[in-house]
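Quick notes on the structure that follows.
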Amino acid sequence: MRTTFALLLATIALAVAACGGGSDSVPTGAVAVVNGTDISKAELDQLISQAKKGYESQKQEFPKAGTPEYQSIQTQYVAYLVELEEFRQQAEELGVEVTDKDVDAAEQELIKTRFDGKRDEYEKALAAQGFTPEQYREKALEVSALSKKLFDAVTKDVKVTDQEIAEYYTQNQSQYGSPESRDVRHILIAEKSGSEVDFAASKAKADEIYERLAGGAPFAALAKAESQDPGSKDTGGKLTISRGQTVPEFDKVSFELDKGELSKPVKTQYGYHVIEAVSDVRKATTTPLDKVKAAIRAQLLQQKRNEDMQAWVEGLRKDYEGKVSYAAGYEPPELPEEPTETE
C-alpha cells in the first residue's frame, strides 16, 4: 500500500513543537507563518466548521469553544495546516505539480475502491459529511494527489536487487512452502478429571473403541456416536493435518501409520485418540523462487520506498526548525524533555 499523506503528516506531527512558538511576527488574521507563508484563521475556521458538520452527521455534540476538547481539535487542525504547507513548499522545490487530471484520477480511484464505482453513493456520503464534490476535491482529493506525486518524486530512484530478493526468499522459506500433510480420521475420548478411577475409565473406553474398530465396526458411525471432538465428530472424525500443526503425540502417530492402518489409543493433553490414516502422506512442497520473485520485489520495493520517505520526512522536520511561528493561543503543546541517562 502506498504511504498516505495523512501518515506522512502524522509522522512529523511530533516535531511541530520544535518548529516554533508564539510570535509577534504572525500578522493579524493568521494563526501561523510557515517559512514566510501565512496560514489564515479563515482556513482554520473552515476546517473546524467542516468538523462540526461531521459531528452533526453522526449525531454527536461538537466540543464547545474554550473546552480542552475544543482546544485539542483546534491544535490538531493548526498542526495539519502547517504541515500541509511545509509539504506544498517542498513539492514546489521538487517540481511536483498537481493537475486537474491528477485530482480526477484520485476521485475515480476513491469512487471505485470505496463506493463500488457508484458516484451517487459517493456524493451521498459527502453530503452526509457536509461536503459538496467541489469542496472535497479541494480539501481532500488534491491532498491525496499531492501525496502520491510527492511520494513518487522522493522515492523514484529506489531499486531492489536480485540479491536482496534471493536473501529474502532464503530467510523466509516458511512463507513459500507447505509441510507434509495427510488425511486421517480419529475418535477422541476425553480424559475425565478427578480420581484414578476416572482416568482408567477413559482409557478403558478408548480401548473398547479400538477393539470395535479393529473388529470391523464402521468408523464414521462410531465417531459420530462416541467421539468427544466437536470439530470432527459430525464428519465421521475426518481431519486434514499438516506436519507439526497438531499436538506432538497425535502428529507423530498420524504420520507413522500406513494408509488404512488403525492406531491403538494415543494419549494427548485432550484425552485418548484412536487414529486411522485415510490417505498417503503428501510430500512437502516449496514454491520456486521464479514463481514468487515478482511479488517479493514489489514487497521489498514498497518497504524501501516507505523507509526512504520516512527518512525524507525526518530531514524535512529538521529543515523547518525555526521556520514556523504561531499566533498566541495557537501554539502546539510542548513535548516533554527526553529523560537523561541518570533519570
Looking at every non-hydrogen atom in both residues, tell me the closest pair between [X] and [Y] and how far apart they are.
X    : Y    : answer
V158 : L301 : O-CD1, 3.6 Å
V184 : I275 : CB-CG2, 4.2 Å
V26  : V31  : CG1-C, 4.2 Å

Should the pair [X]-[Y] be classified as a salt bridge under the 4.0 Å nitrogen-to-oxygen rule?
X    : Y    : value
D120 : K124 : no
D207 : K203 : yes
E321 : R317 : yes
K318 : E314 : no
E86  : K323 : no

Open item on the list: Could you work out, with side-chain contact (heavy atoms from CB on, under 4.5 Å) as the rule, every residue matching R114, not counting sequence neighbours?
Closed with: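 With sequence neighbours excluded, R114 shows a side-chain contact (heavy atoms from CB on, under 4.5 Å) to L110, given in chain and number order.
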Task: Residues in side-chain contact (heavy atoms from CB on, under 4.5 Å) contact with Q299, at least two apart in sequence or another chain - done: Y168
Task: Inter- and intrachain pairs under ring-ring contact (aromatic ring centres under 6.0 Å, His included), touching residues 272-303, at least two apart - done: H186-H273, F250-H273
Open item on the list: Under the criterion side-chain contact (heavy atoms from CB on, under 4.5 Å), I'd like the reasoning laid out for E107 against Y122: C-alpha separation, chi angles, the key distance, then a yes or no.
Closed with: CA-CA 10 Å; E107 183 178 54; Y122 161 70; 3.2 Å; yes
Open item on the list: Could you check whether any side-chain heavy atom of F219 comes within less than 4.5 Å of a side-chain heavy atom of L213, counting everything from C-beta outward?
Closed with: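 Answer yes - side chains close enough.
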